[in-house]
Amino acid sequence: MGASLHEEGCFFKLWAPHAQSVHVIGDFNDWKPGEPLEKDDHGIWQGSIRNAQEGQEYRYLLNKGDQEFSRIDPYAKEVTHSMGNSVICTPLPPIGHFDPPPLHQAIIYELHVGTFYKTSEEGPGTFADVIEKLDYLQELGVNIIKVMPVHEFAGSFSWGYNPSHLFAVETSYGGRKEFRKLIDEAHTRGIAVVLDVVYNHWGPTDLDLWRFDGWYEGEGGGIFFYNDDRGETPWGHTRPDFGRPEVRKFIFDNVMFWLNEIGVDGLRWDGTALIRNCKGEEHLKDQDLADGWSLMQWANEESRKVKPKVILIAEDVRGNGTLTEKTEEGGAGFDAQWNSIFVEHIKPSLADDAQWHMDQVIEALEFRYKHNAFERIVFSESHDAVAIEDQRLPEEASPGQADSWIAKKKSALGAVLTMTAPGIPMIFQGQEFLKAGAFDEKDFINWDRLEQRKGIFKLYQDLISLRLNKEHKSHALSGQHIEILHAHAEIRVVTYKRWADNADEAVYVIINFSQDTHEDYWLPFPGEGDWVTIFNSDSKIYDEEFGNLGPTKLEVLQDEEGNSSHSIILPPYSAIIMYRE
C-alpha cells in the first residue's frame, strides 16, 4: 500500500471502497488530476505515474457524488507536516543486527523526545538532540530507552498520544531518517530502543483518516473506525475498527514498519485495555472486543517471527495477567506490562508519611501476574504518574523544594524499591537528578541541575550497577525471588531478601521508611556469616546533607535455634543493601 518507486516512476495503491474516483495530484503533475487510478473488487485503487520521483509531494483526490476530498496517503512514511502533503520516499536500508538485553537484565529509561534535551531556542527537542545525550545515558547505565510516541501528530508540541499519521515520523523531531540514526547510535552504545505505539484511538485532530472516502454512519468516523458505540473513547469517537480486515492490516503493517524498516527493538502498546474492551474495564465483559484481542495476538506472534528477541510491552494497568501469557495458551503474547500496583502503592507511601501503608508496600514488592516476576515493569515515576494532577516524587514529598533533605531522601527510597523489586525497573527522564514539578509537553529538562545533583545521579548509577551485577556481588537482584524477613508497621521498617538461583547467595535489603534514626535495631538475617554493605542511601557520597550512618560490615552468628540476627543502626528515610562475603 502507499507509494512505491520503480524505474519509470511511482506506483500508488489506496484503499477507499466508497470513492467513485481517485486521482493522485502532486509536484509531478502540477497538482492537476490526470487519469484516475483503477479500482478492483476490494475497494483498492492503484496505478502508476511516470516520472514521479523521490522527494516529490503528493495527495489523493477522492470523489464521491458531488463531494471531493483531498487526503494525505494513510501509508505515507514522510509528510511535510500533519496538515501538509505526503512525500514520495524510498525505504530505509536494513538495520544492523543488535540483540536487546534479556528482560531480567533490562533497565528502562523513559524519555520524551520533545522535552528530554533541546539545543534550539524554537520548537521541541529532536532526535539529534537525544543522540547528544546517549553517552550520558550509557554512563548512567540504562540499556533500554523507551521513547514516547513519534507518529506524526498535530502541531509540534505533544505527548505523542494523538497520532494523525501512523507511518510518518514526527517532522518536528527530525523525521524517520533521524529516528533511524538515533537507533543506530543507541545500538553502538549497547542501548536498545523501544517505541510507544498508539492503536486504541487516533487523533482526534489533524486526522485525514476521519471519514476518509466520504462514507460514515451516524456520528462515526468512516471506514477506519467503528461507526457505532464501539467507536467511543475518552478522546472522541476515534477507536479503530479492529474487526475490519483492511484496518487490521493497516495496524499490522504499521507494527511491521516500526520493527523492520525503522528498526526499533520493541514496542510498548499504549492503552491495551481500550483495545480489548470498549470501556477499558476488566469487569464489563459485555464490552469486550474480541477483534482487538485477536489483533494483538496476531501482531505479537508475527513480531516474534521477524524479530525473535523483540521486546513487547503492554500498558494495560488492569492487573490482567493474560496479557503476558503466550498466544497459544489464549494470552495476548506480550513479554511484560506496566504494573500500576507498584507505583500506586509506593508513591503515596513515600510522598506523604500520613499515607504510609506497610501492607501496600509489601504487596507492591511481592506482586506478580502469574509466575514470572519479569512480566511486570516497575517504577515510581512515569509520564502518566507525574502529570496533570500528579507531581514528581520530590515535588510531592517537599512541594517547591526538590533540593530539600526529605525530597532527596524519599526520591532515593523510590529508586531503591524500583531497582531491588522483582520485575523490570524503569525510571523517567530527569528522575535521576531530582527533576521536580509535573510533566507536560513543554516541561523541558534543565540540564544545569545535573551539575548540582551529581550525587543523586551517582546514587542511581550505583543502583543500576548493582542491579546489573557489575561488581559481581549482587546477581541476586536480577532473580525472581523475594521474601519479606521483617516488617514493622509502626516503626516503619521493612526488610527482604532477594535471590536468583541459590537462596544462600541472597542479598539483603533493609529500608527505614521513618524520619527516626534507630540506633540499636535487631533484625533477622538470611543466614550467618560476614555481611557487607554494598549500598547505603545515607552515604555522603550521594549528598553532603546525608548522615553517613549505618554499618559497613557485620559478623552475624547463628543462635541455638538456628536463627541469625544482629543489631543495626538504621538512618532515617534510608535503605541499606548487604551481601554475604
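Under the side-chain hydrogen bond (donor to acceptor under 3.5 Å, both in side chains) criterion, Arg248 pairs with Ser294, not counting sequence neighbours. Remark: Glu152 engages no residue in a salt bridge (charged side-chain N to carboxylate O under 4.0 Å, His left out) (not counting sequence neighbours). Every residue meeting the ring-ring contact (aromatic ring centres under 6.0 Å, His included) condition with Phe334, not counting sequence neighbours, appears here in chain and number order: Trp269. The ring-ring contact (aromatic ring centres under 6.0 Å, His included) check on Phe439 picks up His112, Trp159, Phe428, with sequence neighbours excluded. In this view, Phe252 and Trp298 satisfy the ring-ring contact (aromatic ring centres under 6.0 Å, His included) rule, not counting sequence neighbours. With sequence neighbours excluded, the residues forming a side-chain contact (heavy atoms from CB on, under 4.5 Å) with Pro234 are Leu274, listed by chain and number. Not counting sequence neighbours, Glu395 has no partner by the salt bridge (charged side-chain N to carboxylate O under 4.0 Å, His left out) test. In this view, Phe179 and Phe127 satisfy the ring-ring contact (aromatic ring centres under 6.0 Å, His included) rule, not counting sequence neighbours. Every residue two or more places apart in sequence or in another chain that forms a side-chain contact (heavy atoms from CB on, under 4.5 Å) with Asn143 is listed here: Pro101, Ala106, Ile107, Leu468.
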### Query
Do Phe153 and Trp202 pass the ring pair (Phe, Tyr, Trp, His ring centres under 6.0 Å) test, and can you show the C-alpha distance, the side-chain angles, and the key distance before you say yes or no?
CA-CA 10 Å; Phe153 50 72; Trp202 293 327; over 10 Å; no
### ring pair (Phe, Tyr, Trp, His ring centres under 6.0 Å) evaluation trace for Phe12 with Tyr58
CA-CA 11 Å; Phe12 296 89; Tyr58 71 98; 5.1 Å; yes
### Task
Test ring pair (Phe, Tyr, Trp, His ring centres under 6.0 Å) on Phe212 and Tyr60 and set out the steps.
CA-CA 11 Å; Phe212 186 78; Tyr60 290 114; 7.5 Å; no
### side-chain contact (heavy atoms from CB on, under 4.5 Å) assessment of Tyr199 paired with Val247
CA-CA 11 Å; Tyr199 303 130; Val247 180; over 6 Å; no
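Asp73 and Ser86 form no side-chain donor-acceptor contact under 3.5 Å, judged by distance and modelled atom types alone. Between Thr322 and Asn320, the side chains place a donor N or O and an acceptor N or O closer than 3.5 Å (distance only, hydrogens not considered). For the residue pair Thr418 / Glu381, no side-chain donor-acceptor distance below 3.5 Å is found, with atom types taken as modelled. A donor atom on one side chain and an acceptor atom on the other are not found under 3.5 Å apart for Gln297 and Thr327. No hydrogens or angles considered: nothing links the side chains of Thr115 and Asp443 as a donor-acceptor pair under 3.5 Å. A side-chain N or O of Asp265 and one of His187 form a donor-acceptor pair less than 3.5 Å apart. Between the side chains of Asp316 and Thr272, at least one donor N or O sits under 3.5 Å from an acceptor N or O.
Looking at every heavy atom in both residues, Asp390 comes nearest to Asp384 through OD2-O, 4.1 Å.
Here the CD atom belonging to Gln431 is positioned 4.0 Å from the OG atom belonging to Ser380, to the nearest 0.5 angstrom. Here Met148 contributes atom CE and Ser382 contributes atom OG; the two are 9.0 Å apart, rounded to the nearest 0.5 Å. Remark: Trp215 CH2 to Lys64 NZ distance equals 10.0 Å, nearest 0.5 Å. With rounding to the nearest 0.5 angstrom, the CG atom of Leu209 is 9.5 Å from the CD1 atom of Ile72. Here the NZ atom belonging to Lys77 is positioned 13.0 Å from the CD1 atom belonging to Ile88, to the nearest 0.5 angstrom. With rounding to the nearest 0.5 angstrom, the OG1 atom of Thr324 is 11.0 Å from the CG atom of Asn300.
Proximity of a side-chain donor or acceptor of Arg244 to a complementary backbone N or O of Ile223 within less than 3.5 Å is detected. Without hydrogens or angle criteria, Arg304 side chain to Gly333 main chain gives a donor-acceptor distance under 3.5 Å. The backbone N or O of Tyr117 lies less than 3.5 Å from no partner atom in the side chain of Lys133, so there is not a single donor-acceptor pair. Side-chain N or O atoms of Asp440 include one that pairs as donor or acceptor with a backbone N or O of Lys442 at under 3.5 Å. Gln20 contributes a side-chain N or O that, together with a main-chain N or O of Gly65, makes up a donor-acceptor pair within less than 3.5 Å.
Every pair tested for side-chain hydrogen bond (donor to acceptor under 3.5 Å, both in side chains) that includes a residue from residues 32-45 fails, sequence neighbours excluded, so the list is empty. Every pair passing salt bridge (Lys or Arg N to Asp or Glu O under 4.0 Å) that includes a residue from residues 168-179 is listed here, sequence neighbours excluded: Glu78-Arg176, Arg176-Glu261. Contacts classified as side-chain hydrogen bond (donor to acceptor under 3.5 Å, both in side chains) and involving residues 224-235 (residues at least two apart or in different chains) are given here: Asp228-Arg230, Glu232-His237.
Figure legend: Lys249 and Trp15 shown without cation-pi pairing, the cationic atom not lying both under 6.0 angstrom from the six-membered ring centre and within 45 degrees of its axis.
Summarising the local packing, OH of Tyr216 is surrounded by 12 or fewer heavy atoms from other residues, nucleotides or ligands at distances under 6.0 Å. Under a cut-off of 6.0 angstrom, the local environment of CD in Glu219 is sparse, with at most 12 non-hydrogen atoms contributed by other residues, nucleotides or ligands.
Using the six-membered ring where Trp is involved, His383 and Tyr161 have ring planes that are parallel, under 30° apart on the 30 and 60° scheme. Between Phe250 and Phe167, the ring planes are tilted. Angles from 30° to 60° get that label.
Salt bridge absent: Lys118 and Glu121 never bring a charged side-chain N and a carboxylate O closer than 4.0 Å.
Residues Asp335 and Phe374 fail the side-chain proximity criterion, which asks for heavy atoms closer than 4.5 Å.
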